[in-house]
Amino acid sequence: MQDDPLPLGEPASKPRLRVLLVDDHPLFRQALAATVRQIDPQMAIAQFETLAEARRAIAADTQDTLVLLDLKLPDSHGIAGLLGLKAQAPDLMVAIVSATDDRDTVLTAQACGAAGFISKAAGVEELSAALESLFAGETWFLPPEEMACANHSPRRRRGSWKPCTAG
């Protein structure tokens with residue numbers, strides 16, 4: 001795990017979002033962290049190779065936390081990781097970042113409480129736009145008609161993120 005501490009003298013008036021990157025590929029995690037830093041150089045970032053490591057960090061504090069979660073990890077496969085995180089912390093904001101980006105997977109993630117879905121096939125512009133939306137507390141999903149397409153354009157559905165509620 002790698003942590004970037006918040007700088008000294010950071011204003012206490014506005015809580016800074018903490019981003020947890022959960023992916024078993026170090027190169028991808030580092031590239032994602034670099035993109036986050038490009039958007040906000042002061043963002044607190046922690047990196048984890050397994051879901052278990054991330055869950056331990058989440059157990060300590062879920063407030064002002066965004067988890068960027070891969071669907072294929074050594075200790076979790078598919079939507080189970082999202083479901084486990086949402087069971088542990090229902091209000092936790094979790095966005096999926098995955099190469100498995102077919103329509104059924106995206107819609108299932110959305111129905112299970114994901115705040116967004118970013119394809120690993122997305123370009124830097126789309127990734128940056130998605131992260132900026134998520135950092136602002138909005139959702140990020142491609143419209144259903146675009147999910148079936150191989151071309152991942154920056155057009156997307158945005159909205160205010162609301163946590164799952166049992167109903």
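All heavy atoms count here, side chains included; hydrogens, waters and symmetry mates do not.
Val94 places a side-chain heavy atom less than 4.5 Å from the side chain of Leu69. Contact annotation: the side chain of Ile58 approaches that of Leu85 to within less than 4.5 Å [non-hydrogen atoms, C-beta and beyond]. For the pair Met93 and Thr65, the minimum side-chain heavy-atom distance is 4.5 Å or more. The side-chain heavy atoms of Leu131 and Asp40, taken from C-beta on, include no pair separated by under 4.5 Å. Taking 4.5 Å as the limit, some side-chain heavy atom of Thr105 sits within range of a side-chain heavy atom of Phe117. Leu21 is listed as a side-chain neighbour of Gln47, based on a closest heavy-atom distance under 4.5 Å. Side-chain contact between Val19 and Phe135: present, with at least one pair of heavy atoms (C-beta onward) separated by less than 4.5 Å. Residues Thr50 and Asp24 fail the side-chain proximity criterion, which asks for heavy atoms closer than 4.5 Å.
The line from CD of Gln88 to CZ of Arg55 is 4.5 Å long, rounded to the nearest 0.5 Å. The CG atom of Leu27 sits 10.0 Å away from the CG atom of Asp23 when rounded to the nearest 0.5 Å. Put simply, CD on Glu125 and CG on Leu127 are 11.0 Å apart, with the number rounded to the nearest 0.5 Å. One finds the CG atom of Leu142 at 8.0 Å from the OG atom of Ser119 (value rounded to the nearest 0.5 Å).
With hydrogens and angles disregarded, no donor-acceptor distance shorter than 3.5 Å links the side chain of Glu49 to the backbone of His25. Judged by distance alone, the side chain of Lys86 and the main-chain N or O of Leu92 form a donor-acceptor pair under 3.5 Å.
In this structure, Ala52 and Asp75 approach most closely via the heavy-atom pair N-OD2, 2.9 Å. The shortest non-hydrogen separation linking Ile79 to Ala109 is CD1-CA, 3.5 Å. Closest of all the heavy-atom pairs between Thr35 and Ser128 is CG2-OG, 3.8 Å. What you find for Ile39 and Glu132 is that their closest heavy atoms are CG2-CG, 3.8 Å. Nearest approach of Ile45 to Ala33, heavy atoms of both residues: CD1-O, 3.8 Å. When all heavy atoms of Ala114 and Ile96 are compared, the pair lying nearest together is CB-CG1, 4.2 Å.
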Q: Please lay out, stage by stage, how Phe48 and Leu73 fare under the test side chain to side chain contact (heavy atoms under 4.5 Å, CB included).
A: CA-CA 10 Å; Phe48 304 96; Leu73 297 168; over 6 Å; no

Q. Should Glu53 and Leu20 be marked as a side chain to side chain contact (heavy atoms under 4.5 Å, CB included) after you check the CA-CA gap, both sets of side-chain angles, and the distance that decides it?
A. CA-CA 10 Å; Glu53 292 171 344; Leu20 307 184; over 6 Å; no

Q | Test log, rule side chain to side chain contact (heavy atoms under 4.5 Å, CB included), inputs Arg18 and Asp64 | A | CA-CA 6 Å; Arg18 174 177 72 145; Asp64 301 314; 5.9 Å; no

Q: Go through the steps for Asp70 and Arg29 under the test salt bridge (charged side-chain N to carboxylate O under 4.0 Å, His left out), then give the verdict.
A: CA-CA 10 Å; Asp70 187 14; Arg29 276 196 322 269; over 6 Å; no

